[in-house]
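So you know, we letter chains A, B, ... as the sequences are listed, proteins then strands, and number each from 1. Just so you know, these numbers come straight off a predicted model, no measurement behind them.
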Protein chains: 2
Amino acid sequence: MDQFVSKDEAAPGSATQRAYLALRALIVAGEIRPGEKLKIDGLRQRLATGASPIREALSLLTSDNLVERIDQRGFRAAEVSAANFQEILRLRSTLEDQALRESIARGDQAWEEALVLAHHRMQRAQEQGGDGFEPLHKAFHMALLAAAAAPILLKFCSQLYDLNIRYRFLAGRGRDYQSRDVTEEHGAILAAAVDRQADTASALLLAHYTRTGSYLAGLLDDGALG
Amino acid sequence: MDQFVSKDEAAPGSATQRAYLALRALIVAGEIRPGEKLKIDGLRQRLATGASPIREALSLLTSDNLVERIDQRGFRAAEVSAANFQEILRLRSTLEDQALRESIARGDQAWEEALVLAHHRMQRAQEQGGDGFEPLHKAFHMALLAAAAAPILLKFCSQLYDLNIRYRFLAGRGRDYQSRDVTEEHGAILAAAVDRQADTASALLLAHYTRTGSYLAGLLDDGALG
DNA sequence: CGCGCGGAAAATATCGACTTTTCCACGCGG
DNA sequence: CCGCGTGGAAAAGTCGATATTTTCCGCGCG
């Protein structure tokens, strides 16, 4: 029994890993509000584990820019601001442009197929009411870049994705995010990528981000943010 | 006494911070070889502290791409490779170009003065035998970018600097690094930055990196690396 | 009435020991 | 002679407790 341990909770080996994933999910989803104090003891109870895994997980999240460490005063969820949001958007554009171009240039057939598959799964989840949509959405975006032989770059992109999506959740649980025509946008990006039209794909992707960005900026101005 | 705590060892508050800085220095300086196993107990002795700060420091270093975590098998110093080195160089060029341009565009007089000061100190250290040169070299490079209002970007640049300089140490303790005309290059970059000539400054900076990169790649091919 | 000082309460950071997992070498069986 | 399974040692991971630091609140002094 190796992969057959998913009884109630996914149990990836170490308690640290579990705590890391759980906390990241809580922060990204906005269940832990920006600036909120992260008390070790509280989290210890909430996640049913010891203090060491919690501390380690928080350290990891610190380097992901999702948690801030205050010298001898513990941890808190990262603050949000319009400037921070803009920076994330800008960095993401720069880095994903580069990653996407390299991915398209180097991608083989296996990449292409994995990409189509990721897109299909995402579409499927969306049509069926959005259950489990979020992880698949991220999977699709990362699948676009996956063929780039640049581990650090991909890691940065993954981090920035999480930071960015956090704002979407904060803007209102992603309510009617899908109301905009993201479906079509995703489809167009997929098509361009599969056709190896790097310029087109990149332009579409950046437009996708810029548009989502303005959309969110509008929502954020309405009080969800200082 | 805020900045006056450098008696024997820098003693910044927490044991975690101390362990983090010490380990990072060891890895960057190459005293811990790439791929080397990082045994908790060994480090515990070496740094005279408990296991918790060590683990936490290693977690932080993991996110800096200086340490790799192996699921239930502990930690090891990050491996090195030509591909990894190339990626660092490439990313650094992209990100520092952007950061430098924004820094030059936004920098005020205080920034200019801090920059000149950082350069002077670095020069001074180099002339006097290179004592404490490394931290000042990093300080100068970061001072160039400091006026960019982009904390995440600057953090990435700082990380990439460390990753990059690690290769220089591995290539032979930075032996005759200064034999190349870095002094003049630094001076030219400083001048261009102070004169707010973004294009020139950026071009010089990238050339600086590219040149250092080829230089190191040459050294690394000679067996210091697989 | 406001400011600053002290002491109590809480939270963090750190340590030392326990539990679980992994690694390595030895010996048995094919 | 080589592969496989077993057993012991070592290391990682985790837990609970302790000590140190910070924070908060009320009291007295200016």
Side-chain angles (χ1 to χ4, degrees), chain A residues 1-24 26-27 32-63 66-79, chain B residues 1-2 4-5 7 9-24 26-27 32-33 35-63 66-79:
Chain A
M1 44 184 128
D2 253 344
Q3 295 287 45
F4 221 78
V5 283
S6 45
K7 196 173 61 175
D8 256 3
E9 309 267 349
S14 64
T16 297
Q17 199 71 3
R18 244 174 309 155
Y20 171 71
L21 293 173
L23 283 175
R24 189 176 66 176
L26 285 174
I27 295 174
I32 294 177
R33 306 295 307 178
E36 186 175 333
K37 187 85 200 300
L38 296 169
K39 288 181 230 178
I40 307 276
D41 220 50
L43 299 173
R44 215 183 64 77
Q45 268 182 275
R46 190 166 182 175
L47 301 185
T49 184
S52 310
I54 300 281
R55 288 188 67 79
E56 231 172 288
L58 289 172
S59 291
L60 290 169
L61 288 166
T62 295
S63 298
L66 280 170
V67 164
E68 290 163 6
R69 156 171 250 155
I70 334 165
D71 189 46
Q72 220 111 353
R73 250 155 283 183
F75 303 86
R76 67 177 52 182
E79 291 288 358
Chain B
M1 46 184 124
D2 255 342
F4 221 78
V5 283
K7 195 173 63 178
E9 310 266 349
S14 66
T16 296
Q17 201 71 2
R18 244 174 309 155
Y20 172 72
L21 293 173
L23 282 175
R24 190 176 66 177
L26 285 173
I27 295 174
I32 294 178
R33 305 296 303 179
E36 187 175 333
K37 186 82 200 300
L38 296 169
K39 286 182 237 184
I40 308 277
D41 219 52
L43 299 174
R44 215 183 64 77
Q45 269 183 274
R46 189 167 183 175
L47 301 184
T49 183
S52 308
I54 300 282
R55 289 189 66 78
E56 229 171 292
L58 289 172
S59 291
L60 290 169
L61 289 167
T62 295
S63 298
L66 279 170
V67 164
E68 290 164 7
R69 154 170 251 157
I70 334 168
D71 190 47
Q72 221 110 353
R73 248 155 283 182
F75 302 85
R76 69 179 50 185
E79 292 288 358

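- Closest heavy-atom contact between F75(A) and S59(A): CE2-N, 4.4 Å.
- dC15(C) atom P lies 11 Å from atom CD of E56(B), rounded to whole Å.
- Residue R55(B) places its side chain closer to dT14(D) than to any other of dT14(D), dT14(C), dC15(C).
- Interatomic distance, CZ of R55(A) versus CZ of R44(A), reported as 13.5 Å (0.5 Å rounding).
- Rounded to whole Å, the distance from OH on Y20(A) to P on dG13(D) is 16 Å.
- Taking atom CZ of residue R69(B) and atom P of nucleotide dA12(D), one finds them 11 Å apart after rounding to whole Å.
- A distance of 9.5 Å separates CG of L38(A) from CD1 of I54(A), quoted to the nearest 0.5 Å.
- Per the geometry, CD1 belonging to I54(B) stands 9 Å off P belonging to dC15(C), to the nearest Å.
- Closest to the side chain of K37(A), from the set dT14(D), dA11(C), dA11(D), is dA11(C).
- In this structure, the CD1 atom of I40(A) is 6 Å from the P atom of dA13(C), given to the nearest Å.
- Regarding I70(A), its CD1 atom lies at a distance of 12 Å from the P atom of dT22(D), rounded to whole Å.
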Anything under 3.5 Å between a protein N or O and an N or O of nucleotides 16-23 of chain C, put it in a table, one pair a line.
| residue | atom | partner | partner atom | Å |
| --- | --- | --- | --- | --- |
| dC23(C) | OP1 | R73(B) | NE | 3.4 |

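- From I32(A), atom CD1 reaches atom CZ of R24(A) across 13.5 Å, with rounding to the nearest 0.5 Å.
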Apply the test side-chain contact (heavy atoms from CB on, under 4.5 Å) to residues L66(B) and L23(B): give CA-CA distance (whole Å), side-chain angles for both, the deciding distance (0.1 Å), then the verdict. CA-CA 10 Å; L66(B) 279 170; L23(B) 282 175; over 6 Å; no
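- The shortest distance between side-chain heavy atoms of R76(B) and I70(B) falls below 4.5 Å.
- L47(A) places its CG atom 13 Å from the P atom of dT14(D), with the value rounded to the nearest Å.
- Within the nucleic acid shown, L38(B) comes within 4.0 Å of sugar-phosphate atoms alone, with no base atom in reach, counting heavy atoms only.
- One finds a side-chain N or O of T49(A) lying less than 4.0 angstrom from the OP1 or OP2 phosphate oxygen of dC15(D).
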Do any N or O atoms of the protein come closer than 3.5 Å to N or O atoms of nucleotides 7-10 of chain D, and which pairs are they?
none

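- Regarding contacts with the backbone of dT14(C), a side-chain N or O of T16(B) is found under 4.0 angstrom from either OP1 or OP2.
- With values rounded to the nearest 0.5 angstrom, E79(A) atom CD is found 11.0 Å from R33(A) atom CZ.
- Taking the side chain of F75(B) as heavy atoms from C-beta on, and the options dG13(D), dT14(D), dC15(D), the nearest nucleotide is dG13(D).
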For R69(A) and T16(B): C-alpha separation, side-chain torsions, deciding distance, then whether side-chain contact (heavy atoms from CB on, under 4.5 Å) applies. CA-CA 12 Å; R69(A) 156 171 250 155; T16(B) 296; 4.1 Å; yes
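- One distance of note links CD of Q17(B) with CD of E56(B); it measures 10.0 Å at 0.5 Å rounding.
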